[in-house]
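Scroll down for the structure; my scribbles are underneath it.
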Amino acid sequence: MRQKSLPILLTAVLLATGVSACGKDSTSDTDTGLEISPIEDAGTNADKPQDTSQSEDTSDDTENTESDTDVTSDLSDANAPQTYENPVTVTFEKTIDEVKGDDGTVIFTNSVQMPVVHIDGGEDIAEKINADLREYYAAFSIDNTETADIAKEDYASSLGEDGWDFIGYSTDISVTVTRADENVVSFQITVYDFTGGAHGNYGSGGRNYSAKTGELLSIDEIAGDYSAFHATVLDYMINLAETPAYKDKLFGPPSKNDLNSALFDGNNWVFTRSGISFLVAPYLLGPYASGEISFRLPYEKAYDLGLKEDYRYNGNFVDERYYIYKYDPETFAPVVDDTPDCYFDLDGDGTEEGLAFYGQVVDPETGVASYAFYIDGKDYGDVINDELQNIKDNGYMENTYALYHADAPDGGVPAVAVLFMELEEGEDDEGNPASSPCSFIFGYTEEKGLYYMYWEEGFVTLPKQP
């Protein structure tokens, strides 16, 4: 163990967008009372208000109790939490335009999702935010005539003698609420384009607003001394790029100039429930297979660097991270060991446990996939594998997880949550696979080790999405 350097209890959440079934028994003989606001399933009505409130999470270490949540049917009101009334809600407006060929085949689809902010008692502030969003969207989402014309030409060519299977071109603008509270409203807006080839291309930008004034925030105004803030954050990110979780996602160690350009030349940053995330598009610092890479500055560090009081976050803390992927440079065989990737106090005893989490470790002889999760040198991957057998049939978590800070009452033990996405049979109203995100909750103490507690609907790491 390493001595804890900051007086904050941290628990672990393993964040993922892999697939798994949510139908596992939601109680066990070690269930506790951790309260997490349920998040609505994807595919709900786009005009339905998005509840972005964040409840106070609680837990205790009493065995043989039921989960104190509003998700399962066998609830206990013994430790009902105080509900935080968030003044900010978000709805979404979505438009879909199609261009068809002469034979009626859809050859180009333009899909745009735009958020609309509502603030109780602050209607003028909300309108200021919404006006800026409308102007921002108008700049890149109105005229796709050129792309539609290219789609028509390529579709016609595909019908010729040397034709090919044409896949309809598309542009999709989607948005995720990364934070919404009395201080800040932040959106990650992602633009995806497909115009043929092996895959489309995409990238994200951020729109961050003061919930008190409605002003659009720029990165150079969120700290008292921005020059010092910028320099220190850049040094922090250079060191972050050298950690095992990032090394295999990048082309190689980025130069200071390249990293500075990728992180600070643009509006590709957002406030989240983790900290300040800088979003790096595929190909910029890493291959397409690495996806969009997030370099995150934790709030604890941001506070030390002078993040202004107006933008501080008062909810439950989430530390998003990447799995560790290490390979022998000569044999390319995976290397899995207990070398910590990070340190956090999982059980609230004042010392930090060393953590190393490996996703989808495959046995080369049997082809069986599993997880390796080291806590202070001991592998608890079997606990995850044994409790969640259905993962093996339905798929594995992808490449991120998170460390979660829950406010455990009366010295109760915090929890570890493993997050999955269940892909159900059928489609939503827009023709997409119906999905139901779930959080599988685990606890940890030095005496018990890692143990399963219960499951909860929704992702605990984000405000509720539509």
Side-chain angles (χ1 to χ4, degrees), residues 17-19 41-48 91-116 133-134 136-177 187-207 268 279-284 286-293 394-395 398-399 421-437 465-466:
T17 54
V19 292
D41 293 351
T44 57
N45 191 321
D47 293 328
K48 184 176 181 180
T91 58
F92 294 87
E93 296 177 351
K94 187 162 186 176
T95 59
I96 300 177
D97 298 316
E98 295 179 339
V99 175
K100 297 181 179 180
D102 294 338
D103 59 0
T105 300
V106 176
I107 60 176
F108 175 65
T109 303
N110 182 45
S111 175
V112 178
Q113 182 191 42
M114 186 172 72
V116 180
L133 284 168
R134 289 193 294 269
Y136 176 74
Y137 269 73
F140 61 79
S141 64
I142 291 179
D143 189 3
N144 284 292
T145 303
E146 183 177 352
T147 304
D149 289 343
I150 294 173
K152 291 177 182 178
E153 293 176 5
D154 289 352
Y155 179 63
S157 297
S158 74
L159 299 177
E161 183 176 347
D162 298 323
W164 64 92
D165 291 333
F166 180 84
I167 300 176
Y169 292 176
S170 64
T171 297
D172 183 82
I173 301 170
S174 60
V175 61
T176 299
V177 183
F187 302 104
Q188 178 179 332
I189 300 172
T190 302
V191 180
Y192 173 89
D193 283 301
F194 177 76
T195 54
H199 55 71
N201 292 308
Y202 67 96
S204 296
R207 302 299 278 181
N268 55 318
L279 309 168
V280 179
Y283 293 128
L284 196 56
Y288 187 86
S290 294
E292 191 168 65
I293 302 173
N394 297 327
E398 291 188 352
N399 58 15
M421 179 80 77
E422 179 185 13
L423 298 182
E424 303 168 346
E425 294 184 2
E427 298 178 340
D428 61 20
D429 294 339
E430 298 171 359
N432 301 312
S435 59
S436 178
Q465 307 299 318

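Side-chain atoms are counted along with the backbone in the values below, which use heavy atoms only and exclude waters and symmetry mates. These numbers were taken from a predicted model, which means no experiment stands behind them.
- Inspection of the Ser170 and Asp172 side chains reveals no N or O donor paired with an N or O acceptor under 3.5 Å.
- Note: Ile107 CD1 to Thr105 OG1 = 8.5 Å, rounded to the nearest 0.5 Å.
- Proximity of a side-chain donor or acceptor of Gln113 to a complementary backbone N or O of Val175 within less than 3.5 Å is detected.
- Closest heavy-atom contact between Gly203 and Ala281: CA-CB, 4.1 Å.
- Taken to the nearest 0.5 Å, the CE atom of Met114 stands 10.5 Å off from the CZ atom of Phe187.
- Summarising the geometry of Thr109 relative to Glu98, their closest heavy-atom pair is OG1-CG, 4.2 Å, with the distance given to 0.1 Å.
- Tyr155 places no side-chain N or O within 3.5 Å of a backbone atom of Phe108 that could act as its donor or acceptor partner.
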Verdict with reasoning, Ser157 to Phe166, per side chain to side chain contact (heavy atoms under 4.5 Å, CB included): CA-CA 9 Å; Ser157 297; Phe166 180 84; over 6 Å; no
Test log, rule side chain to side chain contact (heavy atoms under 4.5 Å, CB included), inputs Tyr137 and Ile189: CA-CA 10 Å; Tyr137 269 73; Ile189 300 172; 3.9 Å; yes
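- Note: Leu279 CG to Leu284 CG = 11.5 Å, rounded to the nearest 0.5 Å.
- When all heavy atoms of Thr190 and Ser204 are compared, the pair lying nearest together is OG1-OG, 2.6 Å.
- Annotation: side chain of Phe92 is not in contact with side chain of Ser174 (no heavy-atom distance under 4.5 Å).
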Side chain to side chain contact (heavy atoms under 4.5 Å, CB included) between Asp193 and Thr171, worked out: CA-CA 5 Å; Asp193 283 301; Thr171 297; 2.7 Å; yes
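- The aromatic rings of Phe194 and Tyr169 sit perpendicular to each other, their planes meeting at more than 60°, with 30° as the lower class boundary.
- At distances below 3.5 Å, not a single donor-acceptor pair connects side-chain atoms of Asn110 with backbone N or O atoms of Asp97.
- Looking at every heavy atom in both residues, Ala148 comes nearest to Val99 through CB-CG2, 4.1 Å.
- At most 12 heavy atoms of other shown residues, nucleotides or ligands fall within 6.0 angstrom of atom CG in Asp102.
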